[in-house]
Every structure is written in C-alpha cells, then in structure tokens.
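Following: one structure in structure tokens, then a few remarks.
Throughout, numbering of the chain's residues begins at 1 and tracks the sequence.
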Amino acid sequence: MAEGILQRNVGLNLAAYRDARGLSQEAFADVLGYHRTYVGGLERGERNLSLRAVERLADSLGLDPFDLLKAPKRGRTH
C-alpha cells in the first residue's frame, strides 16, 4: 500500500460526504467543530490523523470509521 493512501481516502470521503450534502467547507467545518482551513487540510489528505481522531470524525457524522478509511467510490480525486 502506498504511503499516505489512508489519509487521502479520509479526505476524499469527507469531501464526498460534504458535497453530497451541499455544504461549503466553512459550513462543514462548523458541523464538525473545526476551523475551515483544518477541514481543507483534511480533505486534501494533508493531515495525519490518529485513529482516535478518525473515530471522532466518524461519530460526529454518524458514520462507521471504516467508511472514512476505505477507498472512495470513483469521482473526486486530488
């Protein structure tokens, strides 16, 4: 497995979740309780999250943490 692939998966899955709900990054950041620039870094796969942080993100979105880690469906790429 290529290094950083899980970070990219989390970012792509978060962006897809946000896009599907028609939210801006700023509105999505408010939902998550994070700053917009941090959410942008997450979506670009620039943030190295702990497993606990992935669990917290998934919980706040009502998702299974594995849904954030798995390879995203085709569509958006960075």
- Do any pairs count as a ring-ring contact (aromatic ring centres under 6.0 Å, His included) and have a residue in residues 30-60, sequence neighbours left out, and if so which ones? Tyr34-Tyr38
- Item | Approximate separation, where rounding is to 0.5 Å, of Leu57 CG and Tyr17 OH | 11.0 Å
- OG1 of Thr37 to CD of Glu26: how many Å apart, nearest 0.5 Å? 10.5 Å
- Task: Please examine the side chains of Gln7 and Val10, heavy atoms only from C-beta on, and report whether any two atoms are closer than 4.5 Å.
- Result: no
- Item | Residue pairs passing the side chain to side chain donor-acceptor pair (under 3.5 Å) test where at least one lies in residues 47-72, sequence neighbours excluded | Asp67-Lys70
- Can you tell me how far CG of Leu69 sits from CG of Leu51, rounded to the nearest 0.5 angstrom? 7.0 Å
- Note on the structure: Here the gap from Leu32 atom CG to Leu14 atom CG, rounded to the nearest 0.5 Å, amounts to 7.0 Å
- Mind checking what makes side-chain contact (heavy atoms from CB on, under 4.5 Å) contact with Glu46, not counting sequence neighbours? Arg44
- Query: What pairs meet the ring-ring contact (aromatic ring centres under 6.0 Å, His included) rule with one or both residues in residues 44-72, with sequence neighbours excluded?
  - Reply: none
- Note on the structure: dist Leu61:CG -> Leu68:CG (nearest 0.5 Å) comes out at 6.5 Å
- Message: So, using side chain to side chain donor-acceptor pair (under 3.5 Å) as the criterion, who are the partners of Arg36 when residues are at least two apart?
- Response: none
